[in-house]
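Shown next, in structure tokens, is the structure this report addresses.
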Amino acid sequence: MNKKQRTMLVRIIVSAALLTALHFIPAAGWLRFLLYLVPYLVIGYDILLKAFKGIKNRQVFDECFLMAVATVGAIALALYERSGDYTEAIAVMLFYQVGEWFQSYAVGKSRRNISELMDIRPDYANVERDGKLERVDPDEVEIGTVIVVQPGEKVPIDGVIAEGSSSLNTSALTGESLPRDAKAGDEIISGCINMTGVLKVQTTKEFGESTVSKILDLVENASSRKSKSEDFISRFARIYTPAVCYAALALALLPPLFGLLVPGISADWGTWIYRALTFLVISCPCALVISIPLSFFAGIGGAGNAGVLVKGSNYLETLSQTKIVVFDKTGTLTQGVFEVNGIHHNELEDRKLVEYAALAESASSHPISRSLQKAYGKEIDRSRVTDIREISGKGVTAKVDGVDVAAGNDKLMAALGIPFISCHCAGTIIHMAIDGKYAGHIVISDVIKPHSQEAVRQLKASGIRRTVMLTGDAAKAADQVAGTLGIDEVYSELLPAGKVEKVEELLRTKTEKEKLAFVGDGINDAPVLGRADIGIAMGAMGSDAAIEAADVVLMDDDPMKIAKAIRISRKCLRIVYENIVFAIGIKLICLVLGALGIANMWLAIFADVGVMILAVLNAIRALFVKKL
């Protein structure tokens, strides 16, 4: 609780105590009025000042003006009628301030929760100087500086580990509790927590450009991008507030004037003015004006805790309407890492064939060569390899331990006149020949992510009617991945421009209410991310391109988060619509009851403060999305 909230709580308690005490003090006339004026001013002086400033600045119609007119009017009516009943006016202001305090506390608490859940801002960086660690402001650390991150400390700036190994807690970034291992040579991003070993990190970015700064900036500025629902409420309030003020004025004046002209109809000014004041209290649009932005704010904060960064409430709203999901393949549904997946028709031991292939390909930096070296699992002894000759578009030939080795595609085998056995598996096929004889082939392919199949299933269960995969890969490999995952449509052998054209074609075929989301890695797919109704960047930890291009950023590369992001958005929008229907419905009912004289000031207090509190409580539910 901050100082302002504590002060308001004291004012509420003092005013309530004074109001209670005055019931036991016998006083009448002007003395009674002055005594009751004390608790009224204690609790309502700031509302009166705001109303006065609003009138002075020609911004009259807001909730402060409504409260000021209603309560001052009620006091004036009690003076006019000499009833001495000032309790209702003070109670209206008191309960209004209770509602405002509760709203302020709830918003503050939700902000603190979000700050704690996204507690990734580093306080300092350790720089080693003269053999001692010195704490400095992360803003002062230049690119290329070696910083020291001790166990339990946050990584303050993006960089590369120069020395040491450790486990990293990335839960603040990804929403996942599973630690990640890191060693010398690995990239490391700010916001992670070092759990075990001491790390020396050479910085590659300034603090302002680091991942942690970009994420915090994204979250903090999310509220500036308003959804259609928020814009509707803002426009509604601008029209609604003056309309109810004029309606209250008409309710106070027209019936008694009509009664003066038509015999038999009551012209009791006090009754109609009281109804008009009740009408004003009921009409205050606090519940809508406060709860709708709070719902979106809580939804964005809850999504951030789950590792889903949404750039604004407008994107959250669009995400909830998604019916078509288009995927990039490599790095999104697959790991983007080539691995040896099979060895067929082998005339030697599998390990020996891979050894020959890895040594023959040892001079290449191609991903295929790296996957062979990884499968070999030992350090390459280049002294064993001679006469390496790379044949463009076909493969390589070399001598390994004096033995002639050829490794390449079917074109290489045909060029060497060596009969080979075709492979029907999807992927890159490395045919091997040893001493001029065919020795089998190695299948290398991109590995499907463990959760991709379940992610597609969950999307369909969530109401996604169409899933599409776009890739630059060959049709055979693309069809196999799409078939394994249950993707509805697949388009292969596409260049980046072809992906944009295909997305535009899909956009033309959907209905106006349906939204299309494109999910990519955020680096190669920036044009498509920008063209879709909503762009989702997958596996974007540390990727500047992803954060810039996408509307939604998933902070790890788990495709399950796509369905979760959509469920979060739908829960948030459901809460928004619940609050809109509930607040407007209750208001309209109570306004009619107030105009007919059935509702008194106490019901008006519930219609204003009670509805606001219930709407705020409902809005805060959007913060809790862990089990979605």
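Contacts classified as ring-ring contact (aromatic ring centres under 6.0 Å, His included) and involving residues 378-421 (residues at least two apart or in different chains) are given here: Phe420-His431. Residue pairs meeting the salt bridge (charged side-chain N to carboxylate O under 4.0 Å, His left out) criterion with at least one partner in residues 331-341, sequence neighbours excluded, are Glu339-Lys374.
The backbone N or O of Gly197 lies less than 3.5 Å from a partner atom in the side chain of Asn194, making a donor-acceptor pair. The closest donor-acceptor contact from the side chain of Ser167 to the backbone of Asp181 lies at 3.5 Å or more, if one exists at all. Proximity of a side-chain donor or acceptor of Thr467 to a complementary backbone N or O of Asp488 within less than 3.5 Å is detected. A distance-only check finds a donor-acceptor pair linking the side chain of Thr203 to the backbone of Thr145 [under 3.5 Å].
Under the salt bridge (charged side-chain N to carboxylate O under 4.0 Å, His left out) criterion, Asp410 pairs with no residue, sequence neighbours left out. For Glu128, the salt bridge (charged side-chain N to carboxylate O under 4.0 Å, His left out) test picks out Lys200, with sequence neighbours left out. For Glu454, the salt bridge (charged side-chain N to carboxylate O under 4.0 Å, His left out) partners at least two apart in sequence or on another chain are Arg457. With sequence neighbours excluded, the residues forming a salt bridge (charged side-chain N to carboxylate O under 4.0 Å, His left out) with Arg531 are Glu504, listed by chain and number.
Contact between Leu319 and Ala565 at its shortest, heavy atoms only, is CD2-O, 3.4 Å. The two residues Gly486 and Val456 make their nearest non-hydrogen contact at O-CG1, 3.9 Å. Scanning all heavy atoms of the two residues, the minimum distance from Ala550 to Ile536 falls at CB-C, 4.3 Å.
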- Message: Does Val141 form a side-chain contact (heavy atoms from CB on, under 4.5 Å) with Ile147? I'd like the steps, not just the answer.
- Response: CA-CA 9 Å; Val141 178; Ile147 59 174; 4.0 Å; yes
Yes or no on side-chain contact (heavy atoms from CB on, under 4.5 Å) for Lys510 and Lys323, after CA distance, side-chain angles and deciding distance?
CA-CA 9 Å; Lys510 70 179 183 64; Lys323 290 294 181 182; over 6 Å; no
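Checked for salt-bridge contact, Lys449 and Asp558 miss the test: no charged N lies under 4.0 Å from a carboxylate O. Salt bridge annotation for Glu317-Lys515: absent, with no cationic side-chain nitrogen under 4.0 angstrom from a carboxylate oxygen. Salt-bridge check for Glu505 with Arg508: failed, with every basic side-chain N at 4.0 Å or more from each acidic carboxylate O. Using a cut-off of 4.0 Å between Lys/Arg side-chain N and Asp/Glu carboxylate O, Asp551 and Lys311 are scored as not salt-bridged. In this structure, Arg384 pairs ionically with Asp401, as a charged nitrogen and a carboxylate oxygen lie closer than 4.0 Å. Between Glu514 and Arg465, at least one side-chain nitrogen of the basic residue sits less than 4.0 Å from a carboxylate oxygen of the acidic one, meeting the salt-bridge criterion.
Annotation: the span from Ser166 atom OG to Met195 atom CE amounts to 8.0 Å, rounded to 0.5 Å. With rounding to the nearest 0.5 Å, the separation of CD1 in Ile421 from NE2 in His345 is 4.5 Å. Rounded to the nearest 0.5 Å, atoms CD1 (Ile444) and CG (Asn341) are 9.0 Å apart.
Between Leu516 and Val468 there is no side-chain heavy-atom pair separated by less than 4.5 Å.
Of the residues Asp387, Thr386, Asp404, the one that meets the side-chain hydrogen bond (donor to acceptor under 3.5 Å, both in side chains) test with Lys399 is Asp404.
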